[in-house]
Each structure stands twice: as C-alpha cells, then as structure tokens.
Amino acid sequence: MTDWSWDCNPSTEYITEGLSTGVVAEVERLTTELAALGEGSVRIGRPTDREGGPREFDILGGRGFISFLPVPRHECVYVCDITFYG
C-alpha cells in the first residue's frame with residue numbers, strides 16, 4: 001500500500017454530473033486501486049508507449065473511460081474526466 005490518494009479536478013460534482021451512481025461507484029473503485037499503485041499509476045492505461053502525463057483507462061467493459069493524471073509530487077491521482085457511452 002501507498003500513502004497516495006485520489007481526487008477530482010476540477011470538482012467531483014462537475015465530473016460526475018449526469019452519471020448514474022453505479023458508474024460513479026465504479027470510477028471511485030478504480031481510482032482507489034490506481035492510488036494504491038502509487039508511482040506505478042504513471043504506467044497504467046493509454047498511452048502505452050510512455051510514462052506520465054494524462055492517462056486513459058477503460059471502464060465498464062469498454063463502455064467508457066476515465067482520464068486521469070497521476071502526480072507523484074502530490075502523491076495523488078487526479079480524475080480529470082469521465083466519458084460513458086451507456
């Protein structure tokens with residue numbers, strides 16, 4: 001385990017507006033796991049050819065994805081956007 005946490009940027013209300021509670025719960029579960037990876041989260045998701053920077057990770061069997069930014073200096077994973085096609 002790490003001391004990393006996660007947060008939404010700009011805000012939870014803005015990012016989750018219009019999404020069902022099930023989608024929000026899945027995003028919270030995944031970001032908790034990403035934070036548990038700590039610095040390893042800079043290599044998760046797309047793009048696969050480099051580390052760091054904004055990342056994307058599929059959710060709910062490919063019916064959407066989250067955009068997130070792992071910031072080692074802050075020890076935090078910031079969720080920047082949630083796209084859901086369902």
Task: Apart from L69 itself, residues in the same hydrophobic cluster as defined by side-chain heavy atoms under 4.5 Å - done: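 Cluster partners of L69: V71, Y78.
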
Open item on the list: Under 4.5 Å side-chain heavy-atom separation, chaining through any Ile, Leu, Val, Met, Phe, Trp or Tyr, what else clusters with Y85? Say none if it is isolated.
Closed with: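 Same cluster as Y85: F65.
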
Open item on the list: So, using side-chain hydrogen bond (donor to acceptor under 3.5 Å, both in side chains) as the criterion, who are the partners of W6 when residues are at least two apart?
Closed with: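 In terms of side-chain hydrogen bond (donor to acceptor under 3.5 Å, both in side chains), with neighbours along the sequence ignored, W6 is linked to T32.
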
- [ ] Evaluate the side-chain proximity of P54 to S67: yes if any heavy-atom separation is below 4.5 Å, no if none is.
- [x]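 They are not in contact (no side-chain heavy atoms under 4.5 Å apart), so the answer is no.
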
- [ ] Flag the pair I66 / T83 as yes when at least one side-chain heavy-atom distance between them is below 4.5 Å, and no otherwise.
- [x]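 The answer is no; the side chains never approach within 4.5 Å.
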
Open item on the list: As an exercise, state the distance from CZ of F68 to CG of L30, rounded to the nearest 0.5 Å.
Closed with: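 Here the rounded value is 9.5 Å.
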
Indicate every side-chain donor-acceptor pair of residues 34-43 with a distance under 3.5 Å to a residue at least two apart or in another chain.
| unit_1 | atom_1 | unit_2 | atom_2 | d |
| --- | --- | --- | --- | --- |
| S41 | OG | G38 | O | 2.7 |

- [ ] Just grab all the side chain to side chain donor-acceptor pair (under 3.5 Å) pairs involving residues 52-66, residues at least two apart or on different chains.
- [x]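 The answer is R46-E56, R46-D58.
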
- [ ] Scan residues 24-34 for pairs that pass salt bridge (Lys or Arg N to Asp or Glu O under 4.0 Å), counting only residues two or more places apart or in two chains.
- [x]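 Sorted pair list: E26-R29, R29-E33.
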
- [ ] Can you run down the salt bridge (Lys or Arg N to Asp or Glu O under 4.0 Å) pairs that involve residues 67-86, sequence neighbours left out, and say none if there aren't any?
- [x]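 Counting only pairs at least two positions apart or across chains, no salt bridge (Lys or Arg N to Asp or Glu O under 4.0 Å) contact touches residues 67-86.
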
Let me have the donor-acceptor pairs involving side chains of residues 7-20, under 3.5 Å, with sequence neighbours excluded, atom names and distances please.
| unit_1 | atom_1 | unit_2 | atom_2 | d |
| --- | --- | --- | --- | --- |
| S11 | OG | Y14 | N | 3.2 |
| T16 | OG1 | T12 | O | 2.6 |
| S20 | OG | V23 | N | 3.4 |

